[in-house]
Amino acid sequence: MAEYPNRRDVVRALLEDRGELLVIAGLGASAWDITAIGDTPRNLPLWGGMGGAAMMGLGLALAQPSAKVLVITGDGEMLMALGAMATIAVQKPQNLSIVVLDNEHYSETGNQETATRHGVDLAAMARGAGLAGARTLTTLEQVPALRAEIHAGTGTVFAVTKIAPGNLPLVLPPRDGAILQARFREALLGPAAHHQL
């Protein structure tokens with residue numbers, strides 16, 4: 001079996017010099033990963049709603065076309081949202097990137113194998129949905145080029161990054177969804193955002 005990179009190293013490389021990048025992280029390890037790299041109001045880590053990260057990213061990208069939006073999620077979470085690929089491919093927002101961290105396991109619930117462990121190819125499924133540039137990365141050295149593409153904002157990006165299995169120490173974001181939403185909204189819309197309905 002190939003030696004895949006550590007998930008936190010991948011996320012660190014993706015978020016290096018992130019500037020104003022807005023990041024939504026799927027339920028579980030992806031949320032811990034972005035928090036480990038640095039908690040910021042421009043992060044929206046999901047504590048629930050498994051399967052919702054890609055569609056939340058789509059909604060944000062469509063609502064804020066001048067902002068760059070990155071969704072970082074896991075293979076298990078993405079497998080629950082396969083229909084999102086079709087909707088995203090039809091909308092084709094120029095400012096949306098989705099990176100799937102694929103360790104081929106449901107890490108949060110006991111390391112049960114996901115379908116990707118048995119040959120299901122998420123990048124191929126995304127290409128079939130119409131995301132022509134979807135691809136799979138297997139080394140850390142491939143991540144800087146992906147990061148540059150995310151910041152270019154010249155088309156919808158979908159990439160699967162194979163990562164090593166295994167759990168890392170939890171680095172938890174704030175647990176209150178209302179706080180996370182409010183600080184994200186204020187970072188995006190400014191201090192008066194909490195007065196806007």
Work out which heavy atom in [X] is nearest to a heavy atom in [Y]; give both atom names and the distance.
| X | Y | result |
| --- | --- | --- |
| P5 | T139 | CG-C, 4.2 Å |
| L79 | T114 | CD1-CB, 3.9 Å |
| M85 | L131 | O-CD1, 4.1 Å |
| P191 | E186 | CA-CG, 3.8 Å |
| R135 | L146 | NH2-CD1, 3.5 Å |
| T35 | V171 | CB-O, 3.4 Å |

Is there side-chain contact between F184 and L189, with at least one heavy-atom pair below 4.5 Å? no
Compile the donor-acceptor pairs under 3.5 Å between side chains in residues 43-51 and protein atoms, sequence neighbours left out, one pair per line.
residue : atom : partner : partner atom : Å
N43     : OD1  : R18     : NH1          : 2.6
N43     : OD1  : R18     : NH2          : 3.1
N43     : ND2  : G38     : O            : 3.3
W47     : NE1  : P174    : O            : 2.7

As a quick check of understanding, evaluate side chain to side chain contact (heavy atoms under 4.5 Å, CB included) for L70 and L22, giving each step before the final call. CA-CA 6 Å; L70 171 62; L22 301 172; over 6 Å; no
If you measure from [atom1] on [X] to [atom2] on [Y], what distance do you get to the nearest 0.5 Å?
| X | Y | atom1 | atom2 | result |
| --- | --- | --- | --- | --- |
| N103 | T116 | CG | OG1 | 7.5 Å |
| D39 | I34 | CG | CD1 | 8.0 Å |
| S97 | I72 | OG | CD1 | 10.0 Å |
| Q181 | D176 | CD | CG | 10.0 Å |
| H151 | N95 | NE2 | CG | 13.0 Å |

Looking only at side-chain N and O atoms, does H105 offer a donor or acceptor that is under 3.5 Å from a partner on Q112? no
Between I150 and V99, is the side chain to side chain contact (heavy atoms under 4.5 Å, CB included) condition met? List the steps. CA-CA 10 Å; I150 290 166; V99 176; 4.1 Å; yes
Test side chain to side chain donor-acceptor pair (under 3.5 Å) applied to K68 - qualifying residues, sequence neighbours left out: none
Extract all donor-acceptor atom pairs below 3.5 Å that involve side chains of residues 153-163 and protein atoms in other chains or at least two apart in sequence.
residue : atom : partner : partner atom : Å
T156    : OG1  : P93     : O            : 2.6
K162    : NZ   : D102    : OD2          : 2.8
K162    : NZ   : E104    : OE2          : 2.7

